Peer 1: 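A single structure is presented below for examination.
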Amino acid sequence: MPEFTHFNKQGRAQMVDITEKKESHRLAVAKTSVLVNEHIYRQIHDQSIKKGDVLAVAQVAGIMAAKQTAALIPMCHPIPISGVDIAFDWVSEESDYRLVITVSVKTKGSTGVEMEALTAASACALTVYDMCKAVDKGMVIGPTYLVEKSGGKNGDFRRSDPIR
């Protein structure tokens, strides 16, 4: 079992030293979703939510969150992100609608961007909730999960079981 590097010799938390890690192209893709009722779906679709264009604001929030991940998650390294892409898809589920949010984050660096992708997806979902909560507070966020990652010494990861 590899040594866990998040603890120092005193057993206290430390930021992992990535000084000797090689730079590589890295990609992480994360997903989350927001389950909404038909009324919210229609208002988002028609852009009639009083706070504005929900998906445009959520997209900006996600990009901003990816860039600020190191300020939010204590042991994350500040990373020079080279790209963030956010896609929104709707899935109909009986009388409800699920907004599926997919975030891809890229960098060329010494550590991965999984946390940036997960943080961006979460911020997108929270922004949708915030902008729509006046209509209905019963929305459900999640699950939030890593779909895939590539690059780095630990190699690639791709989730084989789809999560709903």
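Just so it is clear, the model here is predicted, and its values are computed rather than measured.
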Peer 1: Over all heavy atoms of both residues, which pair between Ile81 and Ala66 is shortest? Give the atoms and the distance, please.
Peer 2: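 Minimum heavy-atom separation between Ile81 and Ala66: CD1-O, 3.2 Å.
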Peer 1: Shortest non-hydrogen contact from Glu116 to His77?
Peer 2: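 Heavy atoms only, the tightest pair is OE2-O, 4.0 Å.
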Peer 1: Do the side chain of Thr69 and the main chain of Ala65 share a donor and acceptor less than 3.5 angstrom apart?
Peer 2: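 Yes, because the side chain of Thr69 sits within donor-acceptor range (under 3.5 Å) of the backbone of Ala65.
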Peer 1: Return all side-chain donor-acceptor pairs below 3.5 angstrom for residues 118-127, not counting sequence neighbours, or 'none' if the list is empty.
Peer 2:
from: Thr119; atom 1: OG1; to: Met115; atom 2: O; distance (Å): 2.7
from: Ser122; atom 1: OG; to: Leu118; atom 2: O; distance (Å): 2.9
from: Thr127; atom 1: OG1; to: Ala123; atom 2: O; distance (Å): 2.8

Peer 1: Does Thr144 use its side chain to pair, donor to acceptor, with the backbone of Thr32 at less than 3.5 Å?
Peer 2: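 Side chain of Thr144 to backbone of Thr32, a donor-acceptor pair under 3.5 Å: no, none is there.
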Peer 1: Under the rule for side-chain hydrogen bond (donor to acceptor under 3.5 Å, both in side chains), what residues qualify as partners of Gln47, not counting sequence neighbours?
Peer 2: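 Partners of Gln47 under the side-chain hydrogen bond (donor to acceptor under 3.5 Å, both in side chains) test: Asp53.
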Peer 1: Any side-chain heavy atom of Asn37 sitting closer than 4.5 Å to one from Ser95?
Peer 2: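 No, their side chains stay 4.5 Å or more apart.
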Peer 1: Just verifying a value: how many Å separate Ile18 CD1 and Glu23 CD, rounded to the nearest 0.5 Å?
Peer 2: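 If we round to the nearest 0.5 Å, Ile18:CD1 and Glu23:CD are 9.5 Å apart.
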Peer 1: Of the non-hydrogen atoms in Val147 and Phe157, which two are nearest, and what is the gap between them?
Peer 2: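 Heavy-atom minimum between the residues: O-CE2, 3.9 Å.
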Peer 1: Minimum heavy-atom separation for Ile44 to Cys132, with atom names?
Peer 2: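 Result for this residue pair: CD1-SG, 3.8 Å.
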Peer 1: In this structure, would Val60 and Val84 fall into the same cluster of hydrophobic residues linked by side-chain contacts under 4.5 Å?
Peer 2: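 In one cluster: no.
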Peer 1: Do Ile86 and Val128 belong to the same hydrophobic cluster, where Ile, Leu, Val, Met, Phe, Trp and Tyr are linked whenever their side-chain heavy atoms lie under 4.5 Å apart, directly or via other members?
Peer 2: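 In one cluster with Ile86: Val128, yes.
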Peer 1: Would you say Ile101 ends up clustered with Trp90 if hydrophobic residues are merged whenever their side chains have heavy atoms under 4.5 Å apart, either directly or through other cluster members?
Peer 2: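 Yes, Trp90 and Ile101 fall within the same hydrophobic cluster.
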Peer 1: To the nearest 0.5 angstrom, please state how far the NZ atom of Lys31 sits from the CG atom of Leu146.
Peer 2: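 One finds 12.0 Å between NZ of Lys31 and CG of Leu146.
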Peer 1: Find out if a path of hydrophobic residues (ILVMFWY) with successive side-chain heavy-atom gaps under 4.5 Å connects Tyr41 to Leu99.
Peer 2: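 Yes, because Tyr41 and Leu99 connect within a single hydrophobic cluster, where side-chain heavy atoms sit under 4.5 Å apart.
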Peer 1: Hydrophobic clustering (ILVMFWY, side-chain heavy atoms < 4.5 Å, transitive) - are Ile79 and Ile63 grouped together?
Peer 2: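 Looking at the clustering, Ile79 is in the same group as Ile63.
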Peer 1: Between Asp96 and Arg98, does any side-chain N to carboxylate O distance fall below 4.0 Å?
Peer 2: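 Answer for the salt bridge query: no.
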Peer 1: Is there a side-chain contact between Gln43 and Met131, using heavy atoms and a 4.5 Å cut-off?
Peer 2: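 Of all side-chain heavy-atom pairs linking Met131 with Gln43, none is under 4.5 Å.
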Peer 1: State, to 0.1 Å, how close Leu27 and Ser104 come at their nearest heavy-atom pair, and which atoms those are.
Peer 2: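 Between these two residues, the closest heavy atoms are CD1-CB, 4.2 Å.
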Peer 1: Does Lys21 reach the main-chain N or O of Gly152 with its side chain, forming a donor-acceptor pair under 3.5 Å?
Peer 2: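 Pair absent, no side-chain N/O of Lys21 close to backbone of Gly152.
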Peer 1: Look only at the side chain of Ser150 and the backbone of Arg26, and say whether a donor-acceptor pair between them is shorter than 3.5 Å.
Peer 2: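 No, because the side chain of Ser150 does not come within donor-acceptor range (under 3.5 Å) of the backbone of Arg26.
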Peer 1: Taking atom CG of Leu35 and atom CD of Glu93, what is their separation to the nearest 0.5 Å?
Peer 2: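 Rounded to the nearest 0.5 Å, the CG-CD separation comes to 5.5 Å.
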Peer 1: Report yes if the side chains of Lys50 and Val135 come closer than 4.5 Å at any heavy-atom pair, otherwise no.
Peer 2: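 A side-chain contact under 4.5 Å is absent here.
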Peer 1: Count the heavy atoms of every other residue, nucleotide or ligand shown that sit under 6.0 Å from CE of Met64, and state whether that count exceeds 12.
Peer 2: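 No, because the 6.0 Å sphere around CE of Met64 holds 12 heavy atoms or fewer from other groups.
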Peer 1: So do Val113 and Lys106 actually touch side chain to side chain, heavy atoms under 4.5 Å?
Peer 2: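 Contact flag for Lys106/Val113 side chains = no.
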Peer 1: Taking all heavy atoms of Arg42 and all of Tyr97, pick out the closest pair and write down the distance.
Peer 2: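 Arg42 and Tyr97 have their closest heavy atoms at NH2-OH, 3.8 Å.
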Peer 1: Any salt bridge (Lys or Arg N to Asp or Glu O under 4.0 Å) pairs touching residues 135-155, not counting sequence neighbours?
Peer 2: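 Residue pairs passing salt bridge (Lys or Arg N to Asp or Glu O under 4.0 Å), neighbours aside: Glu148-Arg158.
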Peer 1: Given side chains that start at C-beta, do those of Val34 and Phe88 come closer than 4.5 Å, heavy atoms only?
Peer 2: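 They are not in side-chain contact.
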Peer 1: Do Val103 and Val105 come close enough that some side-chain heavy atom pair is under 4.5 Å?
Peer 2: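 Yes, at least one pair of side-chain atoms sits under 4.5 Å.
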